[in-house]
Structures are given as C-alpha cells and as structure tokens.
Amino acid sequence: MDNSIKLSLPHMGGKEQHWVNEAFKSNWVVPLGPNVDEFERLLGDYLGAPGRVVALSAGTAALHLGLVMLGVEAGDEVVCQSFTFSASANPILYQGAKPIFVGSEADTWNMDAGTLDACIADRVRITGKKPKAIIPVHLYGMPAKMDEILEVSRRWDIPVLEDAAEALGSMLDGRPCGTFGDYGALSFNGNKIITTSGGGALVCPSEEAAARVKFYATQARENRPYYYHEVIGYNYRMSNVCAGIGVGQMEVLQEHVERRRAIHGLYCRMLGDVNGVRVQQNPNPAFDSNFWLTTMEIDLSVGRTPDDVRVALAAQNIETRLLWRPMHMQPVFADAPYYSAGGIEERLFERGLCLPSGSILSDADIELTVEAIKRELV
Ligand SMILES: *Cc1c(COP(=O)(O)O)cnc(C)c1O
C-alpha cells in the first residue's frame, strides 16, 4: 500500500494465513468448520462467555439476529442510540419495526439513560405499549454507562441488545463490553479492532440461545431428512476461511488493543497544550476504552471547522473523518421519533473529528498527524 496515514487499517499478526491454509488443506471451504469452532471458543474465553458466542457473516447480521431472538416484529418499536453508524439501526427496519432515537450524554457520547427513561415513558403514553428492545452503542470503543442503562431496562422490563461492534477489548468496571446486554454484537470488518476481512459475532445469554442463533443463521432448517422450515431463516454464518483469519487475529488482539490505547495516550500528550482542542477521555477509572478511534473536539471559536482540518490533512495524505452524523439527521430515518437531552450528539457532529488510530501506525505517523493538526489550528 502507499505511504499515506489511514484511519484504521487491517493489522495482521502473522499466523492468520496458516489457519486459512488449514481450511484449504482440509477442504473446509464452507460456512462452518474447525476454524469457526475455534474462533468462537477463543472469543468466548476472551469475553468470559464460553459456549455463548456465535460467529456470523457481519456485525450487522449479529444485530439483526439479536432483534430476531428478542422477538422484534413488524409494528414494534425499538429504541436505538442516535449517535452511531447506520448499521446499529438498519436491522430494526429489516424486521419491519420502527426505530426511536435517543440522544447522548456528555461523558461517553453514548445513550443518555435519563432520556431513555423519558423516551420509554412517552412511547408507552402515545402507543399504549412498550418498545421491544434497547440498542445502546459503545461508540469509538468508549463504554456506554451500562449500569444506568441496565437499571432503566430492568425497571421497564425491556431487553438490551448491545452494539459492541467498535468495542472489542473495552472494559467497564472490569467487565468486557459485549457482555452487559441480553445480547451483544461484535464486528470484524476490515477497519475494526480485529478483522476476519468481514464478519461479526453475537454474544448470547445462554448456550441454548446460541444454538438457536446458529439455527437462524443457517436458514432455520428443522431437524428432518428433507428441508423443512417453520420460521424464516438467514444465511448469516461465518465462512471457515474468514474464521481462520480470526483465529490468527485472536493471538494479537490484546496487543493491538494496548497499541490503540498507547496511540490515544500519544495524542493526549501531544495535543494537550493545543488551544481549542479536546481529546475524548475515559470519564473515570471505571471506564477502559479500547480507543478504537481516538476522537477530538475542536472549539469552533478557533475559526476552523473539523472539515477544514480533514481537508487540510487529506492534502498531506493523512486520513481523518468527521464523527458519525446522528441517525435522526439521516434522510432515511427522517420520520423516526427522536428524544434528546439538549442535542449533545448534534454538537459533537459539528465539532468532532476521528484521528488515525490503527494499531499498525507508528509513533512517527502519530507525530506527523499532530504536526499537521497544529499547523492548521495554531
Ligand atoms: C461496524 C459497525 C457495525 C456493523 O458491523 P459490520 O461488521 O460492518 O456489519 C455496527 N455498529 C457499529 C457501531 C459499527 O461501527
């Protein structure tokens, strides 16, 4: 590849190809097999959820099957964090259900529990029934305030589907993200913490639930000698070839998480004295983000917008990206109800920028990026 500095590239550890070759040698070139079993076992051990992780074709597929498992159907409402990537919300539409968007709180930039509570009360008042599920997101790897969100979930008796696509390796109170909700979705897309070239996984509440997810993910075929279907199925299982990459990546997962945290540390140190810049931080020691992407806010009074900085850095072959544009601001979700505590997510979208953060980057890459930012802002 070229010498440009990218946001988040795949980062191979070295053993991946061995497991891919194993798949070819044994002719397990299908969407199941020993690499899939091993990848699930390694993920289950890593997350402290043995026997409860199902490897799937994408994080989006994991979120979709999470909704299927929670019984979300046409006409139901599902509450989703507005400040996220569209893949958090699209599966709600796949089920014919209706997304209800909730805004963020200032510390973690994730779902505000107070707004969630008020939102649910309002939906019950308007529709006479409760939303079917709640989807909080650990955006950029920062854990959402799960204790507060789970308290609301318990009080209303509404299950949680955690979108941990960006948060593999992140911890809250010593517990891994992806294991707080009834279900938790992970992504192994090319730009995530680890990659299987494309893939995802669903963390389930029990081994029985995991078996049921595998059933749905393989066309919901009943156990009979002929093909027989009682419910709608999906073709969402992970390929054994891709899972081979995943098995290799698990060897370097923790190392790569530590590298992203170190990159965040470098940015904090080098940008700490730049006027009008604030690098996003863990709000307190209970939070331990993987810092999938280091993000910063720019005070607009410095006379530069995040997009000015993005364009200036792009001209120097440095890739940055504006923060996610909230879902309630997307044309495709224009009709969806939206609840917010003062529009924090809208302000973040105006002020924020994602910085090159891949574990493959060198300290020199980060220094070059910081110098370019300083030339733009100081
Ligand atoms: C990447 C991502 C997804 C989707 O994962 P895919 O594996 O790309 O389908 C879902 N939610 C968030 C927040 C993501 O960043």
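Note that ligands are numbered from 1 as they come in the structure, with each ligand's atoms numbered from 1 the same way. Quick note: residue numbers are just sequence positions, from 1.
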**Study point:** Flag, side chain of Gln281 to backbone of Val279, donor-acceptor distance under 3.5 Å
**Key:** yes
**Study point:** Numbered atoms and elements of ligand 1 in range of Ala165, under 4.0 angstrom, heavy atoms
**Key:** 2 (C), 3 (C), 10 (C), 11 (N), 12 (C), 14 (C)
**Study point:** Donor-acceptor under 3.5 Å (His11 side chain, Gly358 main chain)
**Key:** no
Revision key, fill the gap. Closest to atom 9 (O) of ligand 1 among protein heavy atoms sits Thr60 OG1, 2.5 Å
Practice item. Would you mind listing which atoms of ligand 1 come within a distance below 4.0 Å of any non-hydrogen atom of Phe85? Key: 2 (C), 3 (C), 14 (C)
Practice item. Classify the contact between Asp163 and ligand 1 as side chain, backbone, both or neither, using a heavy-atom distance cut-off of under 4.0 Å. Key: side chain
Practice item. Just jot down the ligand 1 atoms closer than 4.0 angstrom to any heavy atom of Gly59, in number order. Key: 5 (O), 6 (P), 7 (O), 9 (O)
Review point. Checking His138 side chain against Asn110 main chain: does a donor-acceptor pair fall under 3.5 Å?
Key: no
Point to revise | Side-chain H-bond candidate by donor/acceptor type, Asp307 with Thr305, under 3.5 Å | key: no
**Study point:** Whether Ser153 side chain and Ile149 backbone form a donor-acceptor pair below 3.5 Å
**Key:** no
Practice item. For Gly199, counting its heavy atoms only, list the atoms of ligand 1 lying under 4.0 Å from any of them. Key: 7 (O)
Study note, to complete from the structure: In ligand 1, the atoms that come under 4.0 Å of a heavy atom of Ser88 are 11 (N), 13 (C)
Practice item. Answer yes or no: is there a donor N or O on one side and an acceptor on the other, between the side chain of Asn35 and the main chain of Asn240, under 3.5 Å? Key: yes
Practice item. Mark up the atoms of ligand 1 that fall under 4.0 Å of a heavy atom belonging to Ala87, in ascending order. Key: 3 (C), 4 (C), 10 (C)
Exercise for review: Starting from atom 15 (O) of ligand 1, find the nearest protein heavy-atom neighbour and note its residue, name and distance.
Suggested key: Glu166 OE2, 2.5 Å
Review point. Which atoms of ligand 1 are found less than 4.0 Å from any heavy atom of Asn189?
Key: 8 (O)
**Study point:** Side chain, backbone, both or neither: the part of Ala58 lying under 4.0 Å from ligand 1 by heavy atom
**Key:** both
Practice item. Record the part of Thr84 in heavy-atom contact with ligand 1 below 4.0 Å; permitted values are side chain, backbone, both and neither. Key: side chain
Practice item. Before accepting this row, confirm whether a basic side-chain N of the pair Lys374/Glu371 lies closer than 4.0 Å to the acidic partner's carboxylate O. Key: no
Review point. Is Lys192 in contact with ligand 1, taking contact as a heavy-atom separation below 4.0 Å?
Key: yes
Study note, to complete from the structure: One finds that the ligand 1 atoms under 4.0 Å from a non-hydrogen atom of Ser187 are 1 (C), 5 (O), 6 (P), 7 (O), 8 (O)
Point to revise | Tyr94 ring center near Tyr234 ring center (under 6.0 Å) | key: no
Check your understanding: Between His328 and Glu346, does a side chain to side chain donor-acceptor pair (under 3.5 Å) hold up when you go through it step by step?
Key -> CA-CA 10 Å; His328 72 274; Glu346 293 187 4; 2.7 Å; yes
